[in-house]
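Protein chains get the first letters and strands the later ones, always in sequence-line order, with residue 1 at the start of each.
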Protein chains: 2
Amino acid sequence: MAKTDTKTRILDTAERLFAQKGFDAVSLRNIIASAKVNLAAVHYHFGSKQALVHSVIARRLRPINGERLTNLAEARAKSGRRPLKLERVLDCLFRPLFRVQADPKAGPTFARLVGRVMGERNEGLHKFMMGELAEVIIQFGAAFEAALPGLTKEEADWRSHFMAGAMAHTLCNADLLVRFTGTDADASDYESTVRRLIDFTAAGFRAKVSPPTRPRKKK
Amino acid sequence: MAKTDTKTRILDTAERLFAQKGFDAVSLRNIIASAKVNLAAVHYHFGSKQALVHSVIARRLRPINGERLTNLAEARAKSGRRPLKLERVLDCLFRPLFRVQADPKAGPTFARLVGRVMGERNEGLHKFMMGELAEVIIQFGAAFEAALPGLTKEEADWRSHFMAGAMAHTLCNADLLVRFTGTDADASDYESTVRRLIDFTAAGFRAKVSPPTRPRKKK
DNA sequence: ATTTAATTCAAACGACTGTTTGAAACATGC
DNA sequence: GCATGTTTCAAACAGTCGTTTGAATTAAAT
């Protein structure tokens with residue numbers, strides 16, 4: 001085992017290529033050519049391309065989701081019986097995800113990958129992600145409700161949806177914005193990204209619900 | 001020309017399938033089988049698959065962007081020399097896009113398609129979209145600046161980014177949320193979707209900029 | 001050293017991809 | 001009528017796709 005394991009070399013290469021061009025656009029032959037392994041090795045170690053995709057995602061996402069949940073639990077413990085502040089909950093949700101951008105091992109590639117997953121229409125992948133995120137959705141959904149006592153459940157769901165969109169899009173096109181504004185966010189500047197995202201989404205969650213616009217004509 | 005034109009039948013079918021499964025996942029043979037036309041007809045009328053994708057998008061997006069710009073111009077004219085309210089600007093941006101969900105001709109399929117485009121990593125498609133959106137980005141960027149006098153240009157760019165993410169994700173997964181909450185949004189209820197999105201993003205834009213978190217250790 | 005298991009390898013499988021071709025079918029103008 | 005240009009059609013092109021196979025290689029265990 002002098003050189004890196006075949007299995008992890010496949011994972012690393014697949015992660016990089018998937019993040020760059022998408023899951024469908026990258027073929028197994030692209031991966032094995034770049035990873036310098038045999039084509040059959042993919043099926044030997046993972047079984048199928050679909051399973052490889054799942055492994056690539058799960059390897060990073062599972063620790064992230066674990067960190068999210070422990071962060072939330074710790075915050076809850078520290079705050080005693082006082083309800084958690086919304087910004088605190090959002091921080092627990094965002095930080096573990098954006099921190100991997102600063103991680104030299106994972107690199108900025110994976111974050112983009114996670115952002116991309118949410119836009120995929122692949123049925124199996126969607127099911128898989130929902131399974132991975134199930135506990136996170138439950139715990140943080142409850143935390144949001146607790147932090148926003150005045151808000152309808154329905155409205156809270158919609159706003160969680162908006163928040164998820166802002167988060168995913170930011171991950172997916174992190175480099176895009178950097179080029180526009182000149183900030184170098186690929187460095188350990190993920191802190192300011194998280195701060196900006198919290199500012200925006202927390203205010204969005206707390207927004208006053210405006211009354212429905214009266215219809216111009218009766219149907 | 002008793003039955004619908006071949007060209008538009010290809011466009012309609014491609015739009016529907018692309019929205020359901022994505023651009024890469026749908027082959028030309030899937031399209032021509034469902035549209036009941038010959039395979040070569042695609043290349044005869046459009047030249048290539050890439051060109052077909054562009055046509056599918058442009059057919060709906062171009063009128064939408066036109067409507068966005070005229071709405072903004074009209075709002076500006078009505079408001080005289082008073083600066084436009086942020087909510088008004090957002091309404092001009094969102095409404096034409098979400099209105100197509102209620103359009104029985106376009107159906108809810110196209111909206112999803114637009115949402116999906118933003119997550120695509122395809123280089124050519126991205127260039128194409130930027131070209132289509134150029135004027136919209138310029139005009140509305142200026143309108144946001146005018147409506148948010150206190151905000152840095154940099155912070156405004158980030159928040160525009162967050163807003164775009166919330167918008168795209170909402171379009172892309174409109175059905176998802178509907179199933180959860182029980183609202184039937186595929187009907188002409190796009191009004192309330194727009195209202196909710198305006199509430200959320202307007203508050204996000206106006207959020208107080210919190211100071212940077214002090215670093216735990218000096219690097 | 002011999003047996004057993006785990007891993008790598010080249011080669012092929014059938015199915016599918018976007019695109020091209022050249023001949024038919026159609027419509028239109030003279 | 002014939003000629004013109006436009007549109008449709010079946011068939012094939014050259015690749016690429018994910019997956020499978022069976023032998024060759026390496027590692028581990030006895």
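Comparing A:G47 and B:A40, the nucleotide of DNA chain D nearest to each residue sits closer to the 5' end for B:A40.
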Quiz item: Using Watson-Crick and G-U wobble pairs whose two distances are both under 3.5 Å, how do you write the pairing of DNA chain D as dot-bracket, with | for links to another strand?
Solution: ||.||.|||||||||||||||||.|||||.
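Applying the side-chain hydrogen bond (donor to acceptor under 3.5 Å, both in side chains) test to residues at least two apart or on different chains, the pairs with a partner in residues 16-32 of chain A are A:R16-A:S34, A:S27-A:N30. Within the structure, salt bridge (Lys or Arg N to Asp or Glu O under 4.0 Å) pairs that include any residue of residues 132-147 of chain A comprise A:R62-A:E132 (at least two apart or interchain). The salt bridge (Lys or Arg N to Asp or Glu O under 4.0 Å) contacts involving residues 63-76 of chain B comprise B:E67-B:R99, where partners must be two or more places apart or lie in separate chains.
Taking 4.0 Å as the cutoff to heavy atoms of chain A, we find the contact window on DNA chain C bounded by C:dA6 to C:dA12.
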If you restrict it to nitrogen or oxygen atoms, what contacts under 3.5 Å exist between nucleotides 14-16 of chain D and the protein, and what is each distance?
none

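Contact between the side-chain N/O atoms of B:H45 and the OP1/OP2 oxygens of D:dT6 is not found at any separation under 4.0 Å. Not one side-chain nitrogen or oxygen of A:S48 sits closer than 4.0 Å to the OP1 or OP2 atom of D:dG18.
Atoms OH (B:Y44) and P (D:dG5) sit 13 Å apart, rounded to a whole Å.
A distance-only check finds a donor-acceptor pair linking the side chain of A:K49 to the backbone of A:F23 [under 3.5 Å]. One N or O on the side chain of B:S48 and one on the backbone of B:A51 form a donor-acceptor pair closer than 3.5 Å.
Checked against the 6.0 Å centroid criterion, the rings of A:H161 and B:H169 qualify as a close aromatic pair.
Taking the six-membered ring where the residue is Trp, A:F98 and A:F94 present perpendicular rings, their angle passing 60° and hence far from 30°.
In this structure, A:N38 and A:Y44 have side chains that are not in contact, with every pair of non-hydrogen atoms separated by 4.5 Å or more. Taking 4.5 Å as the limit, some side-chain heavy atom of A:Y190 sits within range of a side-chain heavy atom of A:R95.
In the set D:dT6, D:dT19, D:dA12, D:dT19 carries the atom at the smallest distance from any side-chain atom of A:L39.
A salt bridge does not link A:R9 with A:D5: none of the charged nitrogens is closer than 4.0 Å to a carboxylate oxygen.
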